[in-house]
Trainee: 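I have a structure here, written as structure tokens, and I will follow up with some questions on it.
All ligand and atom numbering here is 1-based and tracks the order in the structure.
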Amino acid sequence: MSSLSRRGFLRSTAAGALVAPAVPAFVRLQAPVAVSSANGIKAVELAVQRMSEGWRPVDAAVAGVELVENDPEDDSVGIGGLPNEDGIVELDACVMDGPSGLGGAVAALQNVKNPAQVALQVMRHTDHVLLVGEGALRFARAHGFKEENLLTEKSRQKWIEWREKRSAIDDWISPEENGEHGKEWFRKYKHKTGTIHLGAVAANGDVGSCTTTSGLAFKLAGRVGDSPLLGCGNYCDNDVGTGGGTGRGEACILANGGAFIVHQMALGKSPTDACMEAVKRVVRLTKVKRLLDAKGRPDFQIQFYATNKAGQFGAAALYADKFAVCDGNGARLADMASLYAEPVK
Ligand code: ASP
């Protein structure tokens, strides 16, 4: 899975104690590497191309995810993202730059379709890490970002459908409920998830990463997920690698997914094993019954992604799933490791 000199990696791992870097300080990969959620196949390809042209990994990552943010057909990110319960699209994103150790983030940002770019500007133009809501919008405005309505007709219709079908004890009625199926038919309308995380490693071993999302569909207004929280939906350490997550954000926050993965790699775990440790941590921390299925397993999906400084990559999820990767062999989808063999229900 890697273009790294495996002997060099193992030697340095053995030499490393506790949280010392698990990979040598100076590495040269055959090609840059980018890993992302499965909706990012074009994003990883562009990120690798940009890094080959000499772009910094964090800038390459943001350029990659921007393709998805700008795609109105992807209803989990940027324009066309599914809105909150009030029908308003609120976006979350964060970026992290390995060489400088800096990060930037925005949360609950309205009307600007590229929150990852805004997060990059927060990192570059402020002494802060995270701006939220109205303050984030004013910051974006000041930096020349265009404001537009992010709710596409398709997403508006999905929101209305959810609104009508979510409950049997309100006054919203869907056409189907007025028909033969009655009210009970739609009582269980599950929250939909989706996001893009992208971790990038340049040929010189520098790393950068980004996560961007419209968050959990139909969330409460002001709800912030894991995606804009450094250490949760995204994290990187230039001595180690990148780690990030998608799926149920609340579980990723409570497990500190991104930072935990990077820490596991610093202790010597491979990217895939580090991601699987994070999955197991989520299982261990998920205790309340409402979040478990009949077999006692988490009743949601969570996916973790990692790269290390040496260009190795991996991903793991609770339930069977795919991720996107691009390296010297081009862009492709690959199977994640998973704790349970079947896809999520
Ligand atoms: N992690 C995102 C959030 O909770 C959603 C997702 O990845 O599907 O906001």
Trainee: Looking at Asp226, which atoms of ligand 1 are within less than 4.0 Å of one of its heavy atoms?
Mentor: 1 (N), 2 (C), 3 (C), 4 (O), 9 (O)
Trainee: If the cut-off is 4.0 Å to any non-hydrogen atom of Gly215, which atoms of ligand 1 fall inside it?
Mentor: 9 (O)
Trainee: For Arg248, is at least one N or O under 3.5 Å away from an N or O on ligand 1?
Mentor: no
Trainee: Could you tell me whether Arg50 and Glu53 make a salt bridge, using a distance below 4.0 angstrom between a side-chain N and a carboxylate O?
Mentor: yes
Trainee: Which distance, rounded to the nearest 0.5 Å, do you find between the CD1 of Ile196 and the OG of Ser227?
Mentor: 11.0 Å
Trainee: In ligand 1, which numbered atoms sit nearer than 4.0 Å to a non-hydrogen atom of Thr246?
Mentor: 7 (O)
Trainee: Between Arg223 and Glu250, does any side-chain N to carboxylate O distance fall below 4.0 Å?
Mentor: yes
Trainee: Under 4.0 angstrom from ligand 1, any heavy atom of Gly247?
Mentor: yes
Trainee: Check whether any side-chain N or O of Glu90 sits under 3.5 Å from a backbone N or O of Gly222 as a donor-acceptor pair, and report yes or no.
Mentor: yes
Trainee: In chain order, what residues pass the side-chain contact (heavy atoms from CB on, under 4.5 Å) check against Ala136, with sequence neighbours excluded?
Mentor: Val106, Leu109, Leu131
Trainee: Under 4.0 Å between a side-chain nitrogen and a carboxylate oxygen: does that hold for Lys280 and Asp273?
Mentor: no
Trainee: Of the backbone atoms (N, CA, C, O) and the side-chain heavy atoms from C-beta on, which set of Leu216 has a member under 4.0 Å from an atom of ligand 1: side chain, backbone, both, or neither?
Mentor: backbone
Trainee: Lys295: what forms a side-chain contact (heavy atoms from CB on, under 4.5 Å) with it, not counting sequence neighbours?
Mentor: Asp293, Arg297
Trainee: Tell me which part of Arg223 gets within contact of ligand 1: side chain, backbone, both or neither, using heavy atoms under 4.0 Å.
Mentor: side chain
Trainee: Which option wins on minimum heavy-atom distance to atom 5 (C) of ligand 1: Thr195, Asn39, Thr212, Val224?
Mentor: Thr195
Trainee: Give yes if a backbone or side-chain nitrogen or oxygen of Asp92 is under 3.5 Å from a nitrogen or oxygen of ligand 1, and no if not.
Mentor: no
